[in-house]
Structures are given as structure tokens and as C-alpha cells.
Enquirer: 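Quick one: the structure is below, and I'll ask about it shortly.
Quantities reported herein were computed from a predicted structural model and do not represent experimental measurements.
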Amino acid sequence: MGSFSANPLVLSAGKLHVQIADKVLIDNQDLLIHEGERVGLVGRNGCGKSTLMKILAGQEHFFAGEVSRKKNIRTAYMPQEVDLPPGKTVRDCILEGAADLLAILHDYEHSASGKQLHELEAIINARDGWNLESRLNMLIESLAAPAPDRVVDTLSGGEKRRVALCRVLLDMPDLLLLDEPTNHLDTETIAWMEDYFQRSSCTCLFVTHDRYFLDRVSTRILELAGAALYSHDGNYQDFLRKKAEREADAEANEQRRLAFIRREIDWIRRGPQARGTKSWSRIQRFNNAVNQDGLAVERDIALLIPPAPPMGNIIVSLKDVSLTLGGRRLFSQLNLDFEPGMRLGIVGRNGLGKTSLLRLILGELQPSSGSIRVGERTQFNYIAQHRITLHDDKTVFEEIGEGNDYVLFDGRKLNLWSYLHNFLFQDDEINTQVGKLSGGERNRLVLAQSIKNGGNFLLMDEPTNDLDLPTLRVLEEAINDFSGCVAVVSHDRYFLNRVCTHILAFQDDGELFFQPGDFSYYAEKRAEKLLARQAAQAAENNQPGPAPSSKADDSGSAAARPRKLKWAEQRELEGMEASIAAAEAAVAETEALFLDPNFHARYGRQSADITATLEAQRAEVERLYARWVELAELSQGQ
């Protein structure tokens with residue numbers, strides 16, 4: 001399914017049918033993607049998104065129907081599970097993304113002559129091949145990828161994902177197929193990717209659960225639901241509104257069908273004698289209505305977090321805490337007191353010490369200096385995907401039950417089947433081996449395993465990875481309803497805005513930035529602090545401080561001038577006005593929803609989500625303006 005576009009068609013699928021065992025994932029669907037589109041593919045976990053991506057990338061062949069791509073189109077695909085060749089360096093792995101361009105460069109330099117030389121030169125110019133090395137270095141810096149000489153065998157999962165992203169972006173392909181490109185990436189890197197795709201002319205189909213990324217990047221949303229594909233022009237907010245309208249129309253049609261059946265059933269029951277003179281077409285209409293499938297309503301996960309036991313006056317208190325690991329100082333002089341109901345979001349680039357802070361609180365690590373005091377009534381529950389080892393040979397029932405047919409939940413026995421139904425595991429799935437579950441299903445299983453343990457202080461390390469959008473929303477609501485304390489490491493800005501009351505940011509210079517409020521408010525205050533710091537540094541060197549309305553003085557020593565813009569920052573600045581305009585347009589569009597006289601009838605059940613979205617959009621506009629000022633001042637100092 002696609003939308004009308006005057007641009008050329010680059011990818012299409014016709015009568016696509018995908019079935020695994022008895023489960024139909026895609027039922028005779030059509031799909032069209034046109035040049036320049038940035039299409040976000042969404043759907044519940046296990047619905048077949050990754051399978052569809054593999055089919056479109058030519059990596060999966062067990063399907064019926066036809067898939068075709070534009071002739072000579074250059075395509076790059078990044079799967080959800082990144083696989084890098086062992087023994088190679090980061091640089092070599094990234095260069096694999098431009099293998100054919102490297103071959104052309106080699107031929108141009110060593111064997112081509114005459115007409116062939118000119119043809120190869122034209123190809124190299126068209127693909128900006130002369131700047132391949134500088135583009136590689138730019139991508140490594142912008143995506144915070146590991147050093148080029150690192151061997152990939154030593155990389156973490158997040159580092160491998162950054163290398164894979166550099167690899168697929170290096171040769172600037174015509175069509176990008178990306179499965180969860182934002183997983184395990186920090187907020188700064190995701191923001192750079194958003195700006196990159198907004199500026200790029202590349203056609204892209206991507207799966208992601210990052211709602212801000214979908215909002216800023218997508219020109220169309222493709223939803224896979226009930227084995228059908230639904231196309232919605234616009235970004236994620238447009239999709240939410242149009243999906244609500246689609247579901248309202250479907251519900252209205254279902255009510256009309258049921259009303260028709262109720263009206264006709266008495267007449268039908270009178271038997272042949274009473275209806276002998278009646279039209280058989282009326283009977284046929286009744287039979288069609290009865291035999292029509294009822295409206296399929298997608299269930300949301302019913303996330304059950306046990307009520308928090310009472311807490312004492314002291315929950316967790318950190319006084320002048322410093323931590324050094326492997327000879328590297330991660331942070332120092334941290335003072336932090338948790339209060340009842342506090343939900344702390346911990347953000348920053350990978351490797352700066354976020355998970356180590358959670359382990360300090362748990363007592364698994366000891367501070368290099370300072371003290372940590374844990375209240376006598378504080379009960380921790382650490383929820384982290386990598387911390388629980390699932391047994392692939394066990395069934396879901398065996399994994400959760402641990403030899404019992406019930407779980408202890410808030411001091412009482414709860415039937416294991418009922419408990420797992422709340423996490424959307426159907427009866428056949430409960431008897432499925434864990435090794436056959438999708439990534440999202442495994443994550444739901446980890447949540448089910450962890451949350452049943454209770455506690456009044458939840459420590460959550462990247463809980464949103466691999467969760468689908470409906471489950472994310474329910475998780476946010478469950479955390480907001482939790483009366484205990486929460487400390488959560490996450491790069492999901494939407495999640496942080498919905499959940500957190502405070503933000504603790506780990507910065508590259510080893511400093512910590514603590515800010516009450518959600519993530520957008522933190523980003524605004526951090527930008528203000530950076531401007532104030534620049535102004536103070538300028539004042540110390542008799543330089544005028546940065547001001548939005550005046551150009552910085554170019555006099556003075558080079559050391560006193562603001563640093564130059566990096567390449568990625570220059571590109572970001574060039575696209576900032578468009579980003580702000582798009583963000584303000586999104587605010588205006590969401591505000592318009594509330595002016596709709598039928599708002600409550602159409603969106604009543606989503607009013608809380610729409611309100612939260614509007615607040616987040618307004619905060620994003622403020623953040624963009626602050627970032628614009630920061631980049632403009634750096635630019636003026638060059």
C-alpha cells in the first residue's frame with residue numbers, strides 16, 4: 001500500500017503474502033515506495049516488521065508475491081541484529097559499505113584508460129568518491145563510533161550498531177532499509193541522525209520505536225496490523241490522528257452491522273412460512289452480515305507493577321560519591337538524595353558510567369570516595385534486559401513459573417496463565433520455547449520475569465529497547481502510577497518526557513548535570529548553561545559574551561575565540577530554520593485538534609497522550625531555538 005506521488009517508484013511489492021506455520025503475517029498486500037520518501041514502518045512486536053524488511057532487502061525468500069526495485073538502484077540494509085565480520089578493524093568494516101565504489105576507484109587509478117577512464121571519473125564524481133575518506137571520518141565522529149583501528153571482536157552491541165550505521169551511510173545509497181537504527185544510541189547521536197535524514201535526498205524505509213525520530217524524520221507511516229498494511233501520509237502525530245479516525249470509522253461500521261443483525265434476527269426466526277413472500281436478497285444480506293468477521297480489537301499489554309511497600313525517611317542518599325574504573329574517573333562529587341515518588345532519568349553517551357551508577361546504588365560496586373546510604377526499608381528491583389539470562393530451551397511457562405503454576409504477586413498467588421495473558425502471551429505462545437520468540441516478545445518476557453519481584457525502588461537499564469509503541473505507552477503509565485522511586489537509564493526522549501521528574505546527565509567531560517523536570521526542560525537548561533559558560537569565558541578574556549542579537553567580536557587571541565563549528569554542526573545549523581518551522585507546524589497542528597468540536601468524541605481515549613505530545617512538541621521548539629542560538633554564536637566566532 002502506498003500514497004500517490006509524482007516521484008519515480010523505487011520499491012514495490014505486489015500481492016505479498018507471508019505465512020509462518022499457521023500464522024499469517026502479511027495477507028496479499030501491496031506496497032509502494034517513491035523516491036525521496038522517508039517511511040516509518042510501525043506495528044506490534046511479532047507482527048512481521050523485521051520479516052518484511054528482510055524480504056524487501058532480498059534476505060528472505062519464503063513468501064508469495066512479487067518484489068521489485070528500480071533498475072540500478074543502490075540499496076543498503078541494516079538488520080536488527082548487527083553481524084560484523086570477525087577479525088576486521090572498524091575502518092575495514094565501514095569501507096565494506098562502499099566496496100563497489102572502492103573497486104571503481106582502484107580501476108580508475110590502476111587499469112582504466114581512454115573512454116573507460118572518463119566513464120569511471122563521471123561515476124566517481126556523481127558518487128562523491130573523492131571524498132570517501134573524509135566522509136568515513138565524519139561519520140565516525142558524528143555517530144561516536146569506535147576508533148578506526150579497533151578490532152570489531154572487542155566491541156559492545158551498541159558500538160557494533162554505530163559501525164553498521166557508518167557502513168550503510170558511507171556510500172550514500174539511493175535506498176536505505178534500516179531495522180531499529182536508533183537502538184542503543186544516545187540522544188545526541190539520534191538527534192544527529194534526525195538532522196542527517198532531513199537533509200538527505202535518500203529514500204528510506206525504517207523500523208523504529210523512537211517516537212520523536214518518527215515525528216521528525218517520517219514523511220509517511222506504514223502500519224502493519226492484522227496482516228494488513230495501512231499507509232498514512234505525514235509524520236507520527238499525523239498517523240496517530242488518522243489511525244484514531246480509521247478505528248472510529250471501523251467501530252461505527254461494526255455497530256451498524258450489529259444493529260442490522262439485531263433488527264433482522266426476529267424476522268429471520270419466524271421461519272419459512274412467515275417470510276415466504278419476502279425477498280431472498282434480504283436473507284442473503286443477513287447471512288453476509290452474520291458471517292462477516294467481527295471487528296478485531298488489538299489488546300494492549302496490562303503491565304502489572306506490584307504496589308510499592310512503604311519506604312522509610314531515608315531511601316537512598318549519595319554524598320560526595322566518586323567512581324574510578326580501570327584507571328578512568330567516570331564522575332566525582334555526586335550528591336543525590338532520592339525522595340518518595342522521584343523518577344530519575346539517567347542520560348548521556350554510552351560508556352560514561354550510567355549503568356555503573358545503578359550498580360553503585362545496588363551495592364554491586366563500591367565508590368572510590370564518598371558514601372552511599374540505603375534506607376532499611378528500601379527494596380530494590382533491578383530491571384535490565386542483559387541482566388536476566390533467558391533459557392532458550394525452556395517454554396515461556398517454564399521460564400516464568402520456575403516449577404510452579406503460579407507467581408507470587410504482592411504477597412498473593414496469581415495463576416501463571418492469567419499473569420502471562422496480561423503480557424499478551426496467548427495460550428499457544430505460553431507453550432512456545434523461549435528461543436523462538438522475537439526480540440520484542442523476549443523483552444516482554446524479561447519484564448514479566450522482573451516486575452513480579454516487586455520492590456519499592458525500580459532500577460531500569462534501557463527498558464524501552466525492542467518494545468512496541470503500545471507497550472511503551474502502557475509501561476509509561478505503569479511507571480507514572482508507581483508510588484515508589486525509579487531510576488531509569490534511557491535514550492528514549494519521548495519516554496523520558498512522559499516519565500521523569502528529574503534528569504541526571506553524564507557529559508563527555510566527566511561532569512554531571514542534575515536538573516529537576518523532564519528531558520526537554522533539561523535540554524533547555526543545559527543550552528542556557530552552555531551559553532552562560534561561553535559568556536563567562538569571553539568576559540575573562542575581555543570578549544563580549546554570546547548574544548542572539550549581536551555578532552561576537554573577532555578581536556583578541558585565537559584562544560579567546562569560541563571554537564569553530566564541526567562539519568556536522570555546520571550542516572545542523574543550515575537546517576535549523578527548517579527544523580524549527582517543522583516543529584512549530586507540528587505544535588500548531590496538535591493545537592488545532594483541541595479546537596475540533598468533535599475532539600472528545602474522536603480522541604477522548606487519547607486525550608492524555610495528545611496533551612503529553614503537545615507539551616513535548618512545545619518543549620522541542622524551545623530546545624531547537626536554544627540550539628540555534630548556540631550554533632549561531634559558534635558560527636559568528638569563526
Side-chain angles (χ1 to χ4, degrees), residues 1-16 26 29-43 49 52-59 65-78 97-98 100-101 122-123 125-129 135 165 168-179 181-182 193-208 210 213-224 228-243 246 571 574-575 577-579 581-583 585-586 589:
M1 178 178 291
S3 60
F4 172 78
S5 174
N7 291 339
L9 191 66
V10 298
L11 177 67
S12 66
K15 300 298 181 183
L16 191 63
I26 304 173
Q29 297 294 297
D30 298 329
L31 179 150
L32 303 175
I33 297 179
H34 294 85
E35 185 178 292
E37 283 195 299
R38 299 189 298 270
V39 183
L41 176 61
V42 302
K49 300 187 299 297
L52 176 58
M53 294 290 282
K54 290 177 182 177
I55 289 171
L56 298 178
Q59 304 292 314
E66 295 185 358
V67 175
S68 61
R69 289 196 290 267
K70 183 181 176 182
K71 187 178 180 181
N72 297 326
I73 191 171
R74 292 183 297 111
T75 304
Y77 165 60
M78 189 181 83
D100 64 326
L101 180 56
I123 296 173
N125 287 331
R127 292 170 61 175
D128 196 23
R135 193 156 62 248
L165 277 170
V168 297
L169 296 178
L170 179 63
D171 195 21
M172 299 184 295
D174 305 309
L175 174 63
L176 268 173
L177 302 172
L178 304 176
D179 197 347
T182 60
M193 287 180 59
E194 291 169 350
D195 292 330
Y196 176 89
F197 284 115
Q198 285 179 328
R199 297 189 308 268
S200 172
S201 60
C202 175
T203 305
C204 186
L205 174 67
F206 53 88
V207 175
T208 182
D210 188 311
F213 188 89
L214 284 167
D215 239 0
R216 292 196 65 199
V217 174
S218 303
T219 60
R220 180 158 63 97
I221 299 293
L222 194 64
E223 182 187 18
L224 178 55
L229 288 168
Y230 300 93
S231 177
H232 300 279
D233 289 333
N235 63 11
Y236 180 65
Q237 297 305 319
D238 298 320
F239 157 72
L240 285 180
R241 186 180 68 254
K242 293 171 183 175
K243 180 181 179 180
R246 187 188 83 210
R571 302 285 79 75
E574 292 172 359
E577 290 189 44
S579 297
E589 191 167 355

Enquirer: Is there a donor-acceptor pair closer than 3.5 Å between any side-chain N or O of Arg69 and the backbone N or O of Leu56?
Expert: yes

Enquirer: Walk me through whether Glu223 and Lys242 qualify under salt bridge (Lys or Arg N to Asp or Glu O under 4.0 Å).
Expert: CA-CA 11 Å; Glu223 182 187 18; Lys242 293 171 183 175; over 6 Å; no

Enquirer: Suppose we call two aromatic rings close when their centres sit under 6.0 Å apart. Are Phe213 and Tyr236 close by that rule?
Expert: no

Enquirer: If we only count heavy atoms from C-beta on, is the Ser200 to Met172 side-chain gap below 4.5 Å?
Expert: no

Enquirer: Among Thr75, Leu177, Leu176, which residue meets the side-chain contact (heavy atoms from CB on, under 4.5 Å) test with Val168?
Expert: Leu176

Enquirer: Nearest 0.5 Å please: distance from the SG atom of Cys202 over to the CZ atom of Arg74.
Expert: 9.0 Å

Enquirer: Heavy-atom distance under 4.5 Å between the side chains of Ile33 and Leu205, does that happen here?
Expert: yes

Enquirer: Can a cation-pi geometry be assigned to Arg38 and Phe206, taking NZ or CZ under 6.0 Å from the six-membered ring centre and within 45° of the ring axis?
Expert: no

Enquirer: From Phe239 CZ over to Asp215 CG, what is the distance, rounded to the nearest 0.5 angstrom?
Expert: 11.5 Å

Enquirer: Contact between Asn235 and Val217 at the side-chain level, heavy atoms closer than 4.5 Å - yes or no?
Expert: no

Enquirer: Nearest heavy-atom pair of Thr208 and Pro181: which atoms, and what distance?
Expert: CB-CD, 4.5 Å

Enquirer: Of the non-hydrogen atoms in Ser12 and Leu32, which two are nearest, and what is the gap between them?
Expert: CB-CD2, 3.7 Å

Enquirer: Apply side-chain contact (heavy atoms from CB on, under 4.5 Å) to the pair Asp100 and Asp171, showing each step before the final yes or no.
Expert: CA-CA 9 Å; Asp100 64 326; Asp171 195 21; 3.6 Å; yes

Enquirer: Working to the nearest 0.5 angstrom, can you tell me the gap between Lys49 NZ and Ile26 CD1?
Expert: 11.0 Å

Enquirer: Do Met78 and Leu165 come close enough that some side-chain heavy atom pair is under 4.5 Å?
Expert: yes

Enquirer: Is there a side-chain contact between Lys15 and Glu66 in this structure, where contact means two heavy atoms from C-beta onward sitting under 4.5 Å apart?
Expert: no

Enquirer: Using a 4.5 Å cut-off on heavy atoms from C-beta on, say whether the side chain of Val42 contacts that of Leu224.
Expert: no

Enquirer: Using side-chain contact (heavy atoms from CB on, under 4.5 Å), reason through Lys243 and Leu240 one step at a time and then give a plain yes or no.
Expert: CA-CA 5 Å; Lys243 180 181 179 180; Leu240 285 180; 5.7 Å; no

Enquirer: Out of curiosity, Leu11 CG to Ser68 OG, how far, rounded to the nearest 0.5 Å?
Expert: 7.0 Å

Enquirer: Heavy-atom distance under 4.5 Å between the side chains of Leu31 and Leu52, does that happen here?
Expert: yes

Enquirer: Between Arg135 (side chain) and Leu170 (backbone), is there a donor-acceptor pair under 3.5 Å?
Expert: yes

Enquirer: How far apart are the C-alpha atoms of Asp174 and Thr203, what are their side-chain angles, what is the distance that settles it, and do they pass the side-chain contact (heavy atoms from CB on, under 4.5 Å) test?
Expert: CA-CA 6 Å; Asp174 305 309; Thr203 305; over 6 Å; no

Enquirer: Measure the spacing between CG of Leu175 and NZ of Lys70 and express it to the nearest 0.5 Å.
Expert: 11.0 Å

Enquirer: Does the Glu35 side chain pair with the main chain of Pro8, one donor and one acceptor, at a distance under 3.5 Å?
Expert: no

Enquirer: Are any non-hydrogen side-chain atoms of Arg241 and His232 less than 4.5 angstrom apart?
Expert: no

Enquirer: Provide the closest heavy-atom pair for Arg216 versus Asp195 in the form atom of the first, atom of the second, distance.
Expert: NH2-OD1, 3.0 Å

Enquirer: Give, for atom CD of Gln59 and atom CG of Asp179, the distance between the pair rounded to the nearest 0.5 Å.
Expert: 12.0 Å

Enquirer: For Ser218 and Leu214, indicate whether the former's side chain and the latter's backbone hold a donor-acceptor pair under 3.5 Å.
Expert: yes

Enquirer: Apply side-chain contact (heavy atoms from CB on, under 4.5 Å) to residues Val67 and Leu16 and explain how you reach the verdict.
Expert: CA-CA 8 Å; Val67 175; Leu16 191 63; 4.2 Å; yes

Enquirer: For Asn125, enumerate each residue passing the side-chain contact (heavy atoms from CB on, under 4.5 Å) test, keeping only those at least two apart in sequence or located in another chain.
Expert: Glu121, Trp130

